[in-house]
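Counting starts at 1 for both ligands and their atoms, in listed order.
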Amino acid sequence: MRLSCHTTTGPQVVNSIQDYRNIRSAWAREDRAVGFVPTMGALHEGHITLVREAKSRCDRVVVSIFVNPAQFAPTEDLDKYPRTMESDLALLDKEGVDVVFYPPVKEMYPSGITLDVQQQVGTFVEVKGKSHQMEGSVRPHFFRGVATVVSKLFNIVQPTRAFFGQKDGQQCSVIRSMVRDLFFPLELVIVPTVREADGLAMSSRNRYLSAEERAAAPVLFKALSAGEKYLRVRGPSTTAKEIIDVATETVKLEPRVQLEYFSLANPYTLEELQGPIGDDGAIFSGAVKVGKTRIIDNILLQTNVKTWATRD
Ligand code: PAF
């Protein structure tokens with residue numbers, strides 16, 4: 001679906017970089033603070049929370065909707081990724097978003113883009129040291145795709161503040177390093193994960209779950225919480241392995257779910273912890289497969305999201 005640059009009501013939908021730059025220049029002349037929420041569409045309450053946070057802290061709000069091919073492997077679900085532009089626009093309209101940046105693939109990848117990394121041409125951004133572990137161990141080129149598209153979007157949108165959800169914890173950490181290393185002049189804001197009543201973290205992929213799978217999916221958050229509780233009860237000498245063992249046992253109680261990994265890492269360096277949790281606290285992350293759908297989640301242990309969001 002290609003929507004025109006001007007709409008009479010609701011957010012202005014902009015398809016081209018040049019059209020957006022004209023709007024951005026006018027905002028710069030008016031000295032407006034611009035909040036940016038990058039998304040791949042299929043919006044849910046988690047995204048809306050980011051938009052509300054951006055609204056409360058900025059004069060203008062831009063949401064991008066772009067399903068980024070570079071972060072999908074050839075074996076993954078790029079074609080099947082949910083595309084729900086009309087309902088997304090209706091939601092963003094209600095929130096008073098100013099601009100929806102909705103570019104076609106050729107606008108974002110002037111050199112073209114193929115999913116096979118060996119065949120790709122053009123410029124890519126890689127954050128070494130934070131992209132190979134956790135999600136990167138299962139999806140080796142994922143964060144290269146994310147860092148590449150987010151740096152393009154930052155260069156286009158030129159936000160004062162950019163808003164990301166804690167649910168994608170490793171993504172937040174990768175972007176934080178990228179902002180620092182490439183000197184993007186913006187503030188990164190990380191917003192706590194929004195959950196369903198039973199604890200399941202909100203995600204666009206949850207809509208793939210059948211009723212039976214949906215009932216099983218909260219076990220990931222239950223497992224992370226069980227690990228957290230064990231640490232609280234057993235105290236500071238508890239080791240990373242003990243916490244992970246508790247979480248693993250919890251997942252095993254749910255036969256409809258297959259564990260991919262648990263990771264207990266330093267929240268700043270993402271280095272895997274071996275013994276007890278140190279002064280920095282930890283990010284406790286996991287991924288499971290429920291049927292064909294991957295679910296990821298994380299919680300911070302002994303550190304809070306504000307400290308984590310602002311420290312390198
Ligand atoms: O978190 C997402 O939805 C995506 O990874 C992002 C940041 C929009 C980049 O494509």
For this session: List the steps, then state whether side chain to side chain donor-acceptor pair (under 3.5 Å) holds for D88 with Y102.
Result: CA-CA 11 Å; D88 290 351; Y102 179 56; over 6 Å; no
In a simple table, one pair per line, please give the protein and ligand 1 atom names for every N or O pair closer than 3.5 Å, along with the distance.
residue, atom, partner, partner atom, Å
ligand 1, 1 (O), Q171, NE2, 2.8
ligand 1, 5 (O), Q71, NE2, 3.0
ligand 1, 5 (O), Q171, OE1, 2.7
ligand 1, 10 (O), Q71, OE1, 2.7

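The same ILVMFWY cluster, assembled from side-chain heavy atoms under 4.5 Å apart, contains both L188 and I156.
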Please output the side-chain donor-acceptor pairs of residues 216-237 that fall under 3.5 Å, not counting sequence neighbours, one pair per line with the distance.
residue, atom, partner, partner atom, Å
S225, OG, F221, O, 2.8
Y230, OH, R234, NH1, 3.0

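Looking at E76 and Y81, their side chains never bring a donor and an acceptor atom within 3.5 Å of each other. Judged purely by distance below 3.5 Å, without hydrogens or angles, the side chains of T307 and N304 pair a donor atom with an acceptor atom. Of the N and O atoms on the side chains of T293 and E213, not one donor lies less than 3.5 Å from an acceptor on the other residue.
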